[in-house]
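Throughout, protein chains are lettered first and strands after them, A, B, ... in sequence-line order, and every chain is numbered starting at 1.
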Amino acid sequence: MKISILKLIRVILAVLIFSPIFLFLCDFAGILPDSFSNLLRIQVVPAILGGSLLSIIFLTELTLLFGRIYCSVICPLGIFQDLISWFTGRGKKKNKKRRWYKYAKPLTILRYSLLCICILFLFFRITTPLLYLDPYSNFGRMAVNIFRPVIMEGNNLLNWIALKFHINNFYYITIHTVTGWSLAIAATILLVVVIMALLRGRLYCNTICPVGSLLGLISRLSLFKIVLDDSKCTSCGLCEHACKSQCINSKGKQVDQSRCVACFNCLDRCKAHGIGFRFAWARLFQPAVKKENKVLEITKRTNEIGMTRRSFLVTSTALAATLPVFPAWAKSEKESDPTKLTPITPPGSQSLEHFKLHCTACHLCITHCPQQVLKPAGFNFGIDYAFKPHLSFYEMAYCNYECTICSEVCPNGAMHKLTKEEKKVTQMGIAQFVKDRCIVVTEGTSCGACSEHCPTQAVRMEPYIDSLTLPHVHSELCIGCGGCESICPARPIKAINVLANEVHQTAQKPPEEKPEDEHKDINFGF
Amino acid sequence: MKRRDFIKAAAAAGVAALTFDQLQAAVTKNQMKVEAAPDMVAVMGGEPAQLLERALQEMGGIEKYVKKGQSVVIKPNIGWDKKPEFGANTNPELVEALIKQCFKAGAKKVSIFDHTCDNWQKCYASSGIEAVAKAAGATVLPGNDESYYKEVAIPQGLKLKSAKIHQALLDADVWFNVPVLKNHGGARMSVAMKNYMGIVWDREYFHSNDLQQCIADSCTWAKKPALNIVDAYRCIHKNGPQGRSISDTAVLKTLIVSKDIVAVDTAAIGLFNQIETMDINSVGHIANGEKLKLGTQNLNQLNIKRIKL
């Protein structure tokens, strides 16, 4: 069977881009270099939110030249759907008729409404709808919350076997960073995407995905397009059956360019050489239709475009009217410990506002946090913070003093890259000590676990009663890493808790002093 | 001469001859082994490997503690993501020298681990211990996950009746407790007894159930270390256990070795008091340990060798 060269290139590129993205999202051991995150910076939503002009120009040009290549080669969720279709053999020639694709009309209103919602909310500095619809973030959540745990458990099994053979190259790891909510959203999206892909090919990309809709608007103008050759096409429908976007209308000899994802599956199907990927910019103005149909077709086309524009306007107006309701709805109910009302945002996120605006909860930082201190939130910080990562302190989990990994991998610009020196003075919050809950006071025994774990000695043990010492917080030195909170043994509420800084501050640098000389004159002393 | 007498006499002569041989050998080699080993040895004024070599020699040689084919665990303090010069972790050169000594004595396997406070991979790397241990042929084991720890009974414990202890220690034939001497905000001082907190998983229990008693209780675990080797090459004398800056670290170039864990802690605090005042009575776990008959604070009772290189 001959395979079109364009399709071959598309598949190879897709594999080359998808594999590292998938591995990087699941790389719990930090094996891959952080430079892999560059593959995520060319994803549409991260590029827009991260303000990466270069990526935006590149993606626009790519689409203007060749159509929605992005959807077939760069977008991990798109390639994931292709994998599902491939495994299940949808659209293959040898398979039964019911497994072929058929042309379907676009769901124009739904499609552009969802795009409008995302854009409009962005104007009001709310990323929530985009968080739920962005293909990259959705794929990230699926990978991090479903595939990564499977890989981690596989690692634990492997280690168990290896230890039987006295091989110590692996280590056990317990997963702390998948929550009920994060698993639920990831599983929902996985289910939706798989079902849609099995039933209707790229329906998700052409109906729900705001990136697909946006690129679809651009790809109408692209230079190269899939074109049916009017003179050679016999309307046999072979190409249509292979089209997972369901955008080839073989009867009308039309291709809906806004939905074509440039997968090139159709190219090698045609026996009459009636389909091709050609320079066809002019086609926009001269639709290839038979003369008698021309008027009708043109009217239809104008209607379609008209509808798009109209629906865009209608939906945007309607949505704009409902917007003020949203922030009120987003407020959550109160919690008992006052420090748990505001999320502690990761280092480099600058402020709660900045973080909320840029993070679309792809959970990449959660995978890469070596301390497992970054956890996806539930709805406890409000709907507009749902699923976004926050620092959650429990035993052994606090933000490492010298670690800047999360700020380095974030493709969205939700966290700005920090140097070690900057990180060491980035104050994400301040520890609040409540004496009445402290073990030293309630039990009368030594503790000091908080001070022990404090990397800046912002929490210092100072004389209390007898030989006991009690922690004191020197807020100017505290960076809110949560070392103290993570280890505090007081229950049910800990005696020391970090209160988030809604705007990150700069802590004082612990004083650097010269090392003392060697003690030459000392004796044994016993 | 009766036959029985002959046999008796011959046997006696044989024994005498054998003993004489041993005596002669001892005299010629100039070393009287075993019986003469002191209760504690403190060596000062050298590099970690030199200090260890001399101390072990005085204690009767490593062969006295590690037999051929045994598997050995070395438990240093690797609690913090800090470079060696801060003295927050056991000196890597000391650990390296001890590994080499163990292999020299014919150890089948030498393993190293600690239940760290900071991220274990960062601690192992920053402390320099992972690199030297691997180079010296030791096995570096993780201690980061609960699944490595198994519940054991601590029958003599007053507050701590059982604890989850690292599997490597349960499996080992011999182990060495190799702490670093330092100040500690909570327990006041961290020496050999405090180092036991790194062999258990459930440390939070310690903090919430009388830390000073739990530390002493954990040291009553039946499997005692062959030796407690206290690294006092560098010493964090204030703002411990991590130190706020390098100025909190003093260079003492000392090593104290003993089987008696209470005595070794007592001696180490004696040394410490020359740089920073520390009332030993405030370091509650030492007195608690003495009450549990783990050793003595009365160093005058002991045969201590103090050596300056």
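The candidate from Pro142(B), Gly284(B), Ala267(B) with the greatest count of non-hydrogen atom pairs under 4.5 Å with chain A is Ala267(B). Comparing Cys447(A), Ala397(A), Ser451(A), Gly448(A) by how many heavy-atom pairs each has under 4.5 Å with chain B, the most go to Cys447(A). Note: Asn144(B) leads Asn144(B), Asn273(B), Asn300(B) in heavy-atom pairs under 4.5 Å with chain A. Contacts with chain B were tallied for Met461(A), His453(A), Arg460(A); His453(A) has the most, counting heavy-atom pairs under 4.5 Å.
If you take CH2 on Trp120(B) and OH on Tyr171(A), they are separated by 5.5 Å, rounding to the nearest 0.5 Å. Between the CD atom of Glu402(A) and the NZ atom of Lys82(B) there is a distance of 7.5 Å, given to the nearest 0.5 Å. Interatomic distance, OG of Ser467(A) versus CD1 of Ile280(B), reported as 12.5 Å (0.5 Å rounding). The structure places CG of Asn281(B) at 11.5 Å from CG of Asp466(A), a figure rounded to the nearest 0.5 Å. For the atom pair SG of Cys117(B) and OH of Tyr398(A), the computed distance is 6.0 Å after rounding to the nearest 0.5 Å. Between atom OG1 of residue Thr445(A) and atom CG of residue Asn209(B) there is a gap of 8.0 Å, rounded to the nearest 0.5 Å.
Residues Cys403(A) and Lys122(B) form a side-chain contact, since some pair of their non-hydrogen atoms from C-beta on lies under 4.5 Å apart. Residues Leu163(A) and Gln167(B) have side chains not in contact (no heavy-atom distance under 4.5 Å, counting atoms from C-beta outward). Glu452(A) is not listed as a side-chain neighbour of Gln242(B), based on a closest heavy-atom distance of 4.5 Å or more.
Looking at His115(B), the atoms closer than 4.5 Å to chain A (heavy atoms on both sides) all sit in the side chain, from C-beta outward. Neither the backbone nor the side chain of Cys450(A) comes within less than 4.5 Å of any heavy atom of chain B. In this structure, the portions of Ser446(A) lying under 4.5 Å from any heavy atom of chain B include both its backbone and its side chain. Interface remark: Met197(B) contributes no atoms to any contact with chain A (heavy atom separation under 4.5 Å). With a 4.5 angstrom heavy-atom cutoff, Leu468(A) does not touch chain B via any of its atoms. Heavy atoms closer than 4.5 Å to chain B are found nowhere in Asn169(A), neither backbone nor side chain. Residue contact with chain A, scored on non-hydrogen atoms closer than 4.5 Å, involves the side chain of Arg188(B) exclusively. Asn523(A) touches chain B through backbone and side chain together, each having a heavy atom under 4.5 Å away. Interface remark: Ile307(B) contributes backbone atoms only to the contact with chain A (heavy atom separation under 4.5 Å). Contact of Ala42(B) with chain A is made through backbone and side chain together, with heavy-atom distances under 4.5 Å. Contact annotation for Leu271(B): both backbone and side-chain heavy atoms come within less than 4.5 Å of a heavy atom of chain A. Heavy atoms of Glu85(B) lying under 4.5 Å from chain A are absent altogether. Heavy atoms closer than 4.5 Å to chain A are found in both the backbone and the side chain of His207(B). Residue Tyr401(A) does not touch chain B at all, counting heavy-atom pairs closer than 4.5 Å.
The environment of NZ in Lys509(A) is sparse: at most 12 heavy-atom neighbours from other residues, nucleotides or ligands sit within 6.0 Å.
Remark: the backbone N or O of Pro370(A) is paired with a side-chain donor or acceptor of Asn119(B) at under 3.5 angstrom. Checked by atom type and distance alone, the side chain of Arg203(B) never pairs as donor or acceptor with a backbone atom of Ile487(A) at under 3.5 Å.
Salt-bridge annotation for Arg491(A) and Glu204(B): present, with a side-chain N of the basic residue lying under 4.0 Å from a carboxylate O of the acidic one.
Residues Asn168(A) and Thr139(B) bring no donor and acceptor atom of their side chains to less than 3.5 Å of each other. A donor-acceptor contact closer than 3.5 angstrom is absent between the side chains of Glu146(B) and Tyr172(A).
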Q) Please walk me through it: do Phe526(A) and Ile269(B) pass side-chain contact (heavy atoms from CB on, under 4.5 Å)? A) CA-CA 8 Å; Phe526(A) 57 88; Ile269(B) 289 165; over 6 Å; no

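Minimum interatomic distance between Ile522(A) and Lys308(B) (heavy atoms only, all atoms of both residues): O-NZ, 3.5 Å.
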